[in-house]
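Single-structure report; data block below.
Quick caveat: nothing in here was measured; it's all calculated off a predicted structure. Side-chain atoms are counted along with the backbone in the values below, which use heavy atoms only and exclude waters and symmetry mates. Reminder, nothing fancy here: chain letters follow the sequence lines and each chain counts from 1.
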Number of protein chains: 2
Amino acid sequence: MRMGPTIADVARVAGVSRSTVSYALSGKRSISGETRQRIFDAIRDLGFTANAGARALATRRTMVLGLLMQFEPDEFAPAMLQYVMAVTETARRKGYDILLVTDHDGPAALRRITDSGMVDGVVLLDVLHDDPRLPVLREAHRPAATVGLPADTEGLDVYDLDFGAAARQIVDHLRDLGHPEIVLITPPRPVFSRGGAYSWRFRDAAVEQAARRGVRLTAHYGEADPSRIPATVGAVLDAHPQATALIVHNDATAAMLPAVLGARGVAVPGDLSVISLYSADFARTFSLPYTFVESAPGLLGRSAVEALVHRLDHPGGPDRPVTRLVAPHLIDRGSTR
Amino acid sequence: MRMGPTIADVARVAGVSRSTVSYALSGKRSISGETRQRIFDAIRDLGFTANAGARALATRRTMVLGLLMQFEPDEFAPAMLQYVMAVTETARRKGYDILLVTDHDGPAALRRITDSGMVDGVVLLDVLHDDPRLPVLREAHRPAATVGLPADTEGLDVYDLDFGAAARQIVDHLRDLGHPEIVLITPPRPVFSRGGAYSWRFRDAAVEQAARRGVRLTAHYGEADPSRIPATVGAVLDAHPQATALIVHNDATAAMLPAVLGARGVAVPGDLSVISLYSADFARTFSLPYTFVESAPGLLGRSAVEALVHRLDHPGGPDRPVTRLVAPHLIDRGSTR
DNA sequence: CTGAAAGCGCTTACAG
DNA sequence: CTGAAAGCGCTTACAG
């Protein structure tokens, strides 16, 4: 708790002024070789590190980004982690630290960390169609990037998977293989009702594309309660004995699917073609053998941070806020036929 | 990015001095009712929030805790999340924010956030027997709490499950049911070799207790690569045809066990008794039906933060650093017989 | 190439 | 009960 050396200590030891030390540190003006040497010797000898708070006060930059997320009981937490990893990793590479905010009251938390100047900008995860954090964000006048597509993208750098295109690609893939009837398991109903737009963007596009291509497709809500997943999947399959293909747009269901289908004695793709939507990392963690569209958490998290940092590093720059929907990429693992 | 109002603005509007506003905010001296009212009216009207950096500079307290963790490829990331949730949630409840640090170079990252005064204290997750972050921590002179038991606990508040007691309880449980031969799947070998002490604390205690109780017990390393888990579990069971009980001390293996055993046609507990070590949350997320010892990430994360905050709030207090090994608690789900 | 000084926005002894 | 002023540790125009 004892304070470390300050820039004044360095200045004294090096026999220069504080400003010279500061400039040596920032490189914002040239320092004679010999002076430079004395300064850095002193820094090393004293073990000096600039105080972040004092620097932030003087520069109005904290070099910290806020990462706002919530662990919703109906979201599959393990999948969230990949966004967190991508965001923190990219931020560090760009010289920023991450303030992790998981408060249940997202708007209040956002106001707190922006108004108090704790962060230079924020990344919002899991943005809802009509996200209550966005009005707060607009008042905060801080750069922000989101993962997830809100209704109003004004002033935000927005990154998300193109869920509509993903659904169409998946339906086309199954149609081209000749499947006449398909069952879709969507995210749990609460995800729809609270405004998780990815849920209906995928489902609605799948339904439309199926109609267009002359395929029968029925959508069913996935279970929020993991223990009910086996029964629900079973019920869905029982209800559609003619269905030869299953689309899973729900991480929790996907993670359990090998066990569930195994228990039912359903062979993939012999008895049933299966295709899903998740990340390669997710597939690896749970050894999921299914053909899937990459949900790209790494790319999305990284892009969001890079856009945010670019904006922070070029304040008042000419760049308009951007909304980028990442094109889906289907990885064929042979689970469809 | 436009700065918000400062304490000087509030003082002007309320017609008082800056110090009076500050004292009204902190409550550190009494303010007359009328003055108080004018101050809080001004605060509300202006939408004032104190600047965190300036406050930190003046008070030498940032109200931020560092959370140091790493996502090791051989750790099952979903299980880490529960510690993160417990830590952030508890910190917020105590008025602290969390700086999430996942740098691969843990010691350097720790030095950076402590020397620069970004955090008041740190929580270390997944502490190794001979953790390279600890020497840095000792030089940093900042309070710290860990989850995980290092060899040298000097100066640290340490929280961990009593893995030895857990192993003994599990072996006793199986022995009391009459199982003569038991197989144990441990964490992957790299966890042992890099010093994840929980791995051998559990294994060694299990081996000893089995010997003491006259049970045959063989330990096998779990797989770091999820895709190899089914084969490895299969090989282990094949190698011990007489074994009637399986202890799983590896999250990745536990998560896949229903699918793996299902595929082999092994009924639990009919053909095989299964008992594991994980959290109730983990069991819920993956619908694991096995009897288990609670690994208590919520309790451990919460306790670590509470100890740390207590120390920060009582600097120079009389409390000696504490090492607390949480007693295991077995939840019988009927998967042993 | 370098220094003295003001300023960032708070808190807190010191005085009254 | 309240205020003027010093100080926290930096950065950066301003001057030389």
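- No side-chain donor-acceptor contact under 3.5 Å links A:Y159 and A:R302.
- Residues B:P78 and A:L81 approach most closely at N-CD2, 4.2 Å, considering heavy atoms.
- Across D:dC10, D:dC8, D:dT2, the shortest atom-to-atom separation from the side chain of B:I31 is found for D:dT2.
- For the pair A:E34 CD and C:dC1 P, the computed distance is 13 Å after rounding to whole Å.
- For the atom pair CD of A:E34 and CD1 of A:I39, the computed distance is 10.5 Å after rounding to the nearest 0.5 Å.
- The CD1-C1' distance, from B:I43 to C:dG9, rounds to 14 Å in whole Å.
- The phosphate of C:dT11 (OP1 or OP2) has no side-chain N or O of B:T59 nearer than 4.0 angstrom.
- Between the C1' atom of C:dG7 and the CZ atom of A:R18 lies a distance of 11 Å, rounded to the nearest Å.
- Atom CE of A:M118 is separated from atom P of C:dG9 by 17 Å (rounded to the nearest Å).
- In this structure, of D:dT2, C:dG3, D:dC10, it is D:dC10 that holds the atom nearest to the side chain of A:R55.
- Of all nucleotides listed (D:dG3, C:dT2, D:dC8), D:dG3 comes nearest to the side chain of B:R29.
- Of all nucleotides listed (C:dT2, C:dG9, D:dT2), C:dG9 comes nearest to the side chain of A:R60.
- Of the candidates D:dC10, C:dG3, C:dA13, the closest approach to any side-chain atom of B:Y23 belongs to C:dA13.
- Across the protein-nucleic acid pair, A:L46 atom CG and D:dC10 atom P stand 12 Å apart, rounded to whole Å.
- In this structure C:dG3 sits in a base pair with D:dC14, meeting the Watson-Crick or G-U test at under 3.5 Å.
- Remark: B:S32 is in phosphate contact with D:dT2, judged by side-chain N or O atoms under 4.0 Å from OP1 or OP2.
- The two residues A:L149 and A:D160 make their nearest non-hydrogen contact at N-OD2, 3.2 Å.
- Minimum atom distance to the side chain of A:S22 is reached by D:dT12, of the listed C:dC1, D:dT12, C:dG9.
- Proximity note for B:S17 (side chain, C-beta onward) versus D:dA4, D:dT11, C:dT11: the nearest is D:dA4.
- The side chain of A:S19 lies closest to D:dT12, out of C:dT11, D:dT12, C:dC10.
- Checking B:D319 against B:H314 by side-chain atom types alone, no donor-acceptor pair falls below 3.5 Å.
- With rounding to whole Å, A:I7 atom CD1 is found 12 Å from C:dG3 atom P.
- Comparing C:dG9, C:dT2, D:dT12 by their nearest atom to the side chain of A:T35 picks out C:dT2.
- Between B:R61 atom CZ and C:dT12 atom C1' there is a gap of 16 Å when expressed in whole angstrom units.
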Evaluation steps, salt bridge (Lys or Arg N to Asp or Glu O under 4.0 Å), between B:D313 and B:R61: CA-CA 10 Å; B:D313 291 347; B:R61 299 272 253 116; 3.1 Å; yes
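- Here the nucleotide nearest the side chain of A:N51, chosen from D:dC10, D:dG7, D:dG3, is D:dC10.
- A straight line from CD1 of B:I39 to C1' of D:dC1 spans 11 Å, rounded to a whole angstrom.
- Judged by closest nucleotide on DNA chain D, B:A54 is the one of A:S26 and B:A54 placed further toward the 5' end.
- The phosphate of C:dT12 (OP1 or OP2) has a side-chain N or O of B:K28 nearer than 4.0 angstrom.
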